[in-house]
Asker: 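Mind looking over this structure? Questions follow.
In this chain, residues are counted from 1 in sequence order. Values below: all heavy atoms of this structure, side chains included; hydrogens, waters and symmetry mates excluded.
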Amino acid sequence: MRRRSLVVVAILVSGAFLVASLAVAGGGKRNLKAGDLSSYEENPDLSTTGAGSFTVTIDDSEQSLSYELSYSGLESDVTQAHVHFGKTAINGGISFFLCSNLGNGPAGTPPCPARSGTVARTVGAADVVGPTSQGIPAGAYGELVAAMRAGHTYANVHTATFPTGEIRAQIND
C-alpha cells in the first residue's frame, strides 16, 4: 500500500514538473485581445461605420508585447492609435503608441494606415509612456502588463473627425 502511494506521488510530481517545463518552454506567452473595436465603445458614445480588431501577445521572458491592430470604414484619416489605461467606459491616459501620423510617438512608432489597414509591432519598456498621472511611470512595463491582465486597458483609434477616438475596445482574455 505504501509503495503504491509513493508511485502515485511520483507520478503527480512528474506531471507537475512536465506542466511547469512546458510553460517555461512556451516563453511565458499570453494572448489577449480586444473585442471588436467600434464607435459604441467610445466615451461619449459615437455612431460611425468604423470597425477594427486588436490582439496582443505578452512575452514574459522577453519583457515585450507584440500586437496587431486592424481597422476599416473610418469616417476620416487616422491620426494616431494607442493603448490607454482605463476601465470599461472610462477614459484614461496613453500607455503606449500603436501608430501615429503626428510624429509624437517614441522612436520606432510606425505610421498609421489612412482609413483602413493593419499595423503590427513589438514593444518593450522603452515604449511605455505612462500615464504618469495615473501611477504608471514611463518605462514601467510590469505595471502596464498587470493592468492589461486585469482588463484595465483599451485600444483606441483616433481620427481627424474624432480626435479623442473613433473606435475603441477593452483588452482582455
Side-chain angles (χ1 to χ4, degrees), residues 29-60 64-106 108-125 127-173:
K29 293 183 181 181
R30 180 169 177 193
N31 295 317
L32 302 176
K33 63 181 173 151
D36 296 332
L37 277 76
S38 79
S39 59
Y40 297 130
E41 298 298 317
E42 288 292 341
N43 184 16
D45 292 355
L46 296 174
S47 180
T48 75
T49 58
S53 64
F54 179 79
T55 58
V56 63
T57 300
I58 299 169
D59 188 335
D60 290 329
S64 65
L65 304 167
S66 298
Y67 67 83
E68 182 175 289
L69 169 68
S70 296
Y71 52 83
S72 62
L74 299 169
E75 301 280 319
S76 61
D77 288 349
V78 173
T79 55
Q80 55 191 335
H82 316 98
V83 166
H84 294 258
F85 177 46
K87 299 177 199 179
T88 302
I90 302 295
N91 293 335
I94 298 168
S95 289
F96 68 93
F97 283 72
L98 301 173
C99 61
S100 180
N101 293 331
L102 302 177
N104 59 343
T109 300
C112 301
R115 290 190 189 198
S116 67
T118 299
V119 63
R121 182 172 174 228
T122 298
V123 298
D127 300 291
V128 177
V129 297
T132 57
S133 64
Q134 290 177 265
I136 298 180
Y141 173 86
E143 289 187 45
L144 170 62
V145 168
M148 293 179 86
R149 288 183 169 145
H152 287 266
T153 56
Y154 61 92
N156 201 10
V157 178
H158 306 263
T159 62
T161 302
F162 299 103
T164 60
E166 182 170 335
I167 58 174
R168 160 182 171 164
Q170 207 68 22
I171 300 168
N172 48 48
D173 289 331

Asker: Looking at side-chain heavy atoms only, is the closest gap between Val129 and Pro106 below 4.5 Å?
Answerer: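 When only atoms from C-beta onward are counted, Pro106 and Val129 do touch, with a gap below 4.5 Å.
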Asker: Would you please classify the geometry between the His158 ring and the His82 ring as parallel, tilted or perpendicular, with 30° and 60° separating the classes?
Answerer: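 Judged by the thresholds at 30° and 60°, the geometry between His82 and His158 is perpendicular.
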Asker: Please check this pair: side chain of Asn43 against backbone of Ala89, looking for a donor-acceptor N/O pair closer than 3.5 Å.
Answerer: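 Yes, the answer is positive, given that a donor and an acceptor are paired below the 3.5 Å cut-off.
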Asker: Applying side-chain contact (heavy atoms from CB on, under 4.5 Å), run through Thr153 and Met148 and close with a yes or a no.
Answerer: CA-CA 5 Å; Thr153 56; Met148 293 179 86; 3.5 Å; yes
Asker: Could you tell me whether a side-chain N or O of Gln170 sits under 3.5 Å from a main-chain N or O of Gly86, the two making a donor and an acceptor?
Answerer: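 Judged by distance alone, yes, a pair lies under 3.5 Å.
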Asker: Within the side chain of Glu42, is there an N or O that forms a donor-acceptor pair under 3.5 Å with the backbone of Ile167?
Answerer: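 A pair under 3.5 Å: yes.
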Asker: Say whether, by atom type as modelled, one donor and one acceptor occur between the side chain of Tyr67 and the main chain of Val123 under 3.5 angstrom.
Answerer: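 No, because the side chain of Tyr67 does not come within donor-acceptor range (under 3.5 Å) of the backbone of Val123.
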Asker: Is the shortest side-chain heavy-atom distance between His84 and Ser95 below 4.5 Å?
Answerer: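 A side-chain contact is absent here, since even the closest heavy-atom pair is not under 4.5 Å.
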Asker: Taking all heavy atoms of Arg115 and all of Tyr71, pick out the closest pair and write down the distance.
Answerer: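 Taking Arg115 first and Tyr71 second, the nearest heavy atoms are O-CD1, 3.8 Å.
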Asker: What heavy-atom pair brings Gly35 and Ala169 nearest, and what distance separates the two atoms?
Answerer: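 Looking at all heavy atoms of both residues, the closest pair is O-CB, 3.4 Å.
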Asker: Got a sec, which residues hit ring pair (Phe, Tyr, Trp, His ring centres under 6.0 Å) with His152, two or more places apart in sequence or on another chain?
Answerer: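 If we apply the ring pair (Phe, Tyr, Trp, His ring centres under 6.0 Å) test to His152, skipping adjacent residues, there are no hits.
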Asker: So, for Ala138 and Thr132, which heavy atoms are closest and what is the spacing to 0.1 Å?
Answerer: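 Looking at all heavy atoms of both residues, the shortest contact is N-CG2, 3.9 Å.
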Asker: For residues Asn91 and Arg168, determine if any side-chain heavy atom of one lies less than 4.5 Å from a side-chain heavy atom of the other.
Answerer: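 Of all side-chain heavy-atom pairs linking Arg168 with Asn91, at least one is under 4.5 Å.
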Asker: Got Thr109 and Arg121 here, is their nearest side-chain heavy-atom distance under 4.5 Å?
Answerer: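 Side chain of Thr109 against side chain of Arg121, heavy atoms only: contact under 4.5 Å found.
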Asker: Quick one, Leu69 with Leu37, criterion side-chain contact (heavy atoms from CB on, under 4.5 Å). Give me CA distance, side-chain angles, the key distance, then yes/no.
Answerer: CA-CA 10 Å; Leu69 169 68; Leu37 277 76; 4.1 Å; yes
Asker: Considering all heavy atoms of both residues, which atom of Asn156 and which atom of Thr164 are nearest to each other, and what is their separation?
Answerer: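 The answer is ND2-O, 3.4 Å.
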Asker: Is there a side-chain contact between Phe54 and Val83 (heavy atoms, below 4.5 Å)?
Answerer: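 SC-SC contact between Phe54 and Val83 confirmed.
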Asker: Measure the spacing between CD of Gln134 and CD1 of Ile94 and express it to the nearest 0.5 Å.
Answerer: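 Result: 10.5 Å between the selected atoms.
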Asker: Sequence neighbours excluded, which residues qualify as side-chain contact (heavy atoms from CB on, under 4.5 Å) partners of Pro111?
Answerer: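 Scan of Pro111 (side-chain contact (heavy atoms from CB on, under 4.5 Å), adjacent residues dropped) gives Asn101.
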Asker: Quick check: closest heavy atoms across Lys33 and Asp173, and the distance to 0.1 Å?
Answerer: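 Smallest interatomic distance, heavy atoms only, reads CE-O, 4.2 Å.
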Asker: Report the distance from atom CG of Leu32 to atom CG of Asn172, rounding to the nearest 0.5 Å.
Answerer: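 That separation rounds to 7.5 Å.
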Asker: Tell me yes or no: between the side chains of Thr118 and Ser70, is some donor less than 3.5 Å from an acceptor?
Answerer: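 Yes - a donor-acceptor pair under 3.5 Å links their side chains.
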Asker: Tell me whether Tyr141 contacts the main-chain N or O of Ser64 through its side chain, where contact means a donor paired with an acceptor under 3.5 Å.
Answerer: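 Pair found, side chain donor or acceptor close to backbone of Ser64.
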Asker: To the closest 0.5 Å, what do you measure between CG (Leu144) and CG (Leu65)?
Answerer: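 Result: 6.0 Å between the selected atoms.
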Asker: Please report the interatomic distance CD(Gln80) to OG1(Thr159), rounded to the nearest 0.5 Å.
Answerer: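 One finds 10.5 Å between CD of Gln80 and OG1 of Thr159.
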Asker: Is it the case that Glu75 and Thr161 place a side-chain donor and acceptor less than 3.5 Å from each other?
Answerer: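 Per modelled atom types, Glu75 and Thr161 side chains form no pair under 3.5 Å.
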Asker: Is it the case that more than 12 heavy atoms not belonging to Asp77 sit under 6.0 Å from its CG atom?
Answerer: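 It does: Asp77 CG has more than 12 such atoms within range.
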Asker: Determine, for Arg30 against Asp60, whether the closest basic-nitrogen to carboxylate-oxygen distance falls under 4.0 angstrom.
Answerer: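 Looking at Arg30 and Asp60, the cut-off is not met.
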Asker: Do the side chains of Asn31 and Thr55 get nearer than 4.5 Å, heavy atoms only?
Answerer: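 Heavy-atom side-chain distance check fails, nothing below 4.5 Å.
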Asker: Using side chain to side chain donor-acceptor pair (under 3.5 Å) as the criterion, list what pairs up with Ser100, not counting sequence neighbours.
Answerer: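 Testing Ser100 for side chain to side chain donor-acceptor pair (under 3.5 Å), a comparison that skips the adjacent residues, returns Asn104.
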Asker: Would you say Phe162 and Ser76 make side-chain contact, with heavy atoms under 4.5 Å?
Answerer: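 The answer is no; the side chains never approach within 4.5 Å.
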Asker: Would you indicate whether the side-chain heavy atoms of Asp36 and Glu41 approach each other to under 4.5 Å?
Answerer: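 No, too far: nothing below the 4.5 Å cut-off.
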